[in-house]
Amino acid sequence: MAEQDSEGCAAARPLLTDLYQATMALGYWRAGRAHDLAEFELFFRHCPFGGAFALAAGLRDCVRFLRTFHLRDADVQFLASVLPPDTDPAFFEHLRAIDCSGVTVRALPEGSLAFPGVPLLQVSGPLLVVQLLETPLLCLVSYASLIATNAARLRLIAGPEKRLLEMGLRRAQGPDGGLTASTYSYLGGFDGSSNVLAGQLRGVPVAGTLAHSFVTSFSGTEVPPDPMLAPAAGQGPRVDLATLVEAWLERVCAHLGLGVQEPHRGERAAFVAYALAFPRAFQGLLDTYSVRRSGLPNFLAVALALGELGYQAVGVRLDSGDLLQQAQEIRGLFRTTAAQFQVPWLKSVPIAVSNNIDEEELARLAQELVSVGGQPRMKLTEDPEKQTLPGSKAAFRLLGPDGALLLDVLQLAEEPPPRAGQELRVWPRGAQESRTVRPAQVETLLQLWVRQGQLCEPLPSLAESRAFAQLCLSRLSPDHRRLEQPAPYQVALSEKLQALLHRLSAGTP
């Protein structure tokens with residue numbers, strides 16, 4: 001992992017770029033254009049997961065990267081080994097001297113709603129430098145935004161009350177990928193992560209549970225060094241928890257119609273050990289052996305024994321099988337057991353489910369170069385979708401009197417911004433005709449974060465960006481928020497930008 005300095009910035013990391021970016025940098029240098037002022041934008045053409053929105057994320061990582069960016073000797077030496085052997089040594093001396101002191105960044109705040117064609121990030125500065133930055137910034141923004149958007153969609157399915165935890169570190173694409181996924185799952189709406197590093201470095205709330213390996217490590221013959229547990233109130237004699245559990249097991253099995261020998265001894269011993277370590281946070285993983293005949297009665301025996309001492313279990317987890325059916329059955333058994341033994345709190349013990357929960361299962365359970373030297377640039381292609389919008393642009397979000405989102409409008413940076421209450425003629429992307437709109441409110445989307453390499457204002461904390469993301473999602477209409485066949489959100493061009501696009505497409509200067 002990248003080392004952190006006193007300001008939370010990652011120490012300079014090895015060069016992160018594509019070789020073709022380095023070869024283009026050499027081309028610019030040879031042509032005498034290394035210091036030409038250029039601007040590029042990071043945007044997407046289609047919303048991920050078949051939806052109508054995305055969440056912008058990764059800005060903090062981009063700023064951290066830019067503030068420490070420079071090429072180390074090892075980076076330059078490696079580039080020298082893969083570029084043509086007759087490359088002028090002066091080029092490598094130029095690389096050793098570059099940094100981001102001439103770079104300016106405008107971007108959507110983290111957690112903002114983002115739509116196709118609207119830049120998530122605008123980066124301007126010396127052509128050679130911004131060319132080298134294109135790949136790492138795309139990498140940092142794209143993955144973070146994808147993770148945050150996925151998390152937001154899952155949160156919309158689960159609703160505001162359900163607790164969602166990210167526990168994917170063991171399956172992540174390496175430690176950097178795991179840290180990013182944990183961080184931006186939280187930004188997108190999850191409640192926390194099992195990833196301790198995400199808690200340590202990014203302030204993500206951490207939460208965990210026991211795993212199958214803990215349960216299977218017990219055979220039932222183990223003797224804890226200290227099996228005694230004091231009552232929660234701190235008064236009264238300490239009690240042998242294992243003995244109390246065995247007494248409760250007989251009563252639980254009789255209630256469930258099971259033989260007392262059916263629940264697995266090792267599983268019960270594991271639950272007792274966990275309860276001794278975490279009496280105020282006891283939870284059971286029910287499906288190591290058999291949910292109905294072992295996991296559930298063993299959990300109930302331990303939970304009721306703890307309840308007798310004044311503690312309340314915090315939940316159970318299911319990790320295999322038909323999660324919905326099992327959860328419904330367990331909830332019903334919790335209710336009947338609560339009534340049988342007069343323990344009302346047992347009725348509402350949380351039931352968590354895991355095991356590759358995707359949108360369907362959860363629903364079932366509840367960059368492109370745009371300007372060089374001040375001249376607009378545009379990629380012309382036979383595929384209209386891959387045509388880029390020319391020129392340095394500004395972006396605005398237009399809202400109605402009730403605060404509802406009307407559309408986003410892109411215009412050239414030199415144009416005056418739209419004004420609330422003023423009629424505006426725009427060209428929706430893909431439409432053959434313009435339309436007129438009169439916004440009640442206008443929001444500027446792209447904010448200035450870095451000017452000439454210096455941070456302009458403090459970045460919001462991760463928790464603040466998370467809250468902002470939920471606020472943005474709440475403003476999205478149900479038609480745009482729904483996850484299947486959503487209505488596309490409208491992005492439009494100003495008349496002046498539309499005219500420039502038409503002129504360049506026709507080959508007119």
Side-chain angles (χ1 to χ4, degrees), residues 163 165 192 194 205-289 291-318 330-352:
R163 184 168 168 80
L165 295 179
S194 65
V206 293
T209 180
L210 68 163
H212 293 292
S213 58
F214 181 86
V215 176
T216 57
S217 71
F218 288 82
S219 66
T221 61
E222 297 82 6
V223 179
D226 182 8
M228 310 300 286
L229 185 65
Q235 299 176 349
R238 299 172 77 213
V239 175
D240 185 325
L241 181 62
T243 299
L244 189 59
V245 167
E246 292 301 319
W248 271 106
L249 183 68
E250 292 188 15
R251 301 172 67 184
V252 166
C253 286
H255 169 64
L256 297 178
L258 298 171
V260 75
Q261 299 301 319
E262 290 187 68
H264 196 281
R265 290 177 58 199
E267 181 180 57
R268 190 159 62 256
F271 287 177
V272 169
Y274 198 82
L276 286 169
F278 303 101
R280 299 182 187 279
F282 171 66
Q283 52 190 311
L285 177 59
L286 302 189
D287 64 330
T288 303
Y289 300 106
V291 173
R292 181 68 170 78
R293 291 183 290 105
S294 183
L296 179 61
N298 278 331
F299 167 79
L300 288 172
V302 176
L304 291 167
L306 286 173
E308 189 173 324
L309 298 175
Y311 302 95
Q312 289 188 13
V314 299
V316 297
R317 180 162 69 96
L318 298 167
I330 290 168
R331 179 60 69 203
L333 289 169
F334 279 174
R335 292 189 178 114
T336 61
T337 304
Q340 174 71 22
F341 299 116
Q342 299 299 299
V343 282
W345 57 265
L346 184 59
K347 294 186 296 184
S348 57
V349 167
I351 301 171

Test your reading of the model: is there a side-chain donor-acceptor pair from Glu267 to the backbone of Gly295, 3.5 Å cut-off? yes
Counting distance only, does the side-chain N/O of Glu250 pair as donor-acceptor with the main-chain N or O of Ala247 below 3.5 Å?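 Flag not set: sc Glu250 to bb Ala247 has no pair under 3.5 Å.
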Is any side-chain heavy atom of [X] closer than 4.5 Å to a side-chain heavy atom of [Y]?
X: Tyr289; Y: His264; result: yes
X: Leu258; Y: Val252; result: no
X: Ile330; Y: Arg292; result: no

With side chain to side chain contact (heavy atoms under 4.5 Å, CB included) as the criterion, how do Phe299 and Phe334 come out once you've worked through the C-alpha distance, each side chain's angles and the decisive distance to 0.1 Å? CA-CA 11 Å; Phe299 167 79; Phe334 279 174; 3.8 Å; yes
Of all heavy-atom pairs between Ala270 and Phe218, which one has the smallest distance, and what is that distance? CB-CD1, 3.5 Å
Between Thr337 and His255, does a side chain to side chain contact (heavy atoms under 4.5 Å, CB included) hold up when you go through it step by step? CA-CA 8 Å; Thr337 304; His255 169 64; 3.3 Å; yes
Got a sec, which residues hit salt bridge (charged side-chain N to carboxylate O under 4.0 Å, His left out) with Arg238, two or more places apart in sequence or on another chain? Asp226
Under the salt bridge (charged side-chain N to carboxylate O under 4.0 Å, His left out) test, which residues partner Glu246, sequence neighbours left out?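 Listed in chain order: Arg268.
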Leu244 vs Leu309, side chain to side chain contact (heavy atoms under 4.5 Å, CB included): CA-CA, chis, key distance, verdict: CA-CA 10 Å; Leu244 189 59; Leu309 298 175; 4.2 Å; yes
In sequence, state the C-alpha distance, the side-chain angles, and the governing distance for Val245 and Leu304, and then conclude on side chain to side chain contact (heavy atoms under 4.5 Å, CB included). CA-CA 8 Å; Val245 167; Leu304 291 167; over 6 Å; no
With a 3.5 Å cut-off and no angle check, do the side chains of Thr288 and His212 form a donor-acceptor pair?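 A donor-acceptor contact under 3.5 Å links the two side chains.
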Using 30° and 60° as the class limits, which term best fits the ring planes of Tyr274 and Phe282: parallel, tilted or perpendicular? tilted
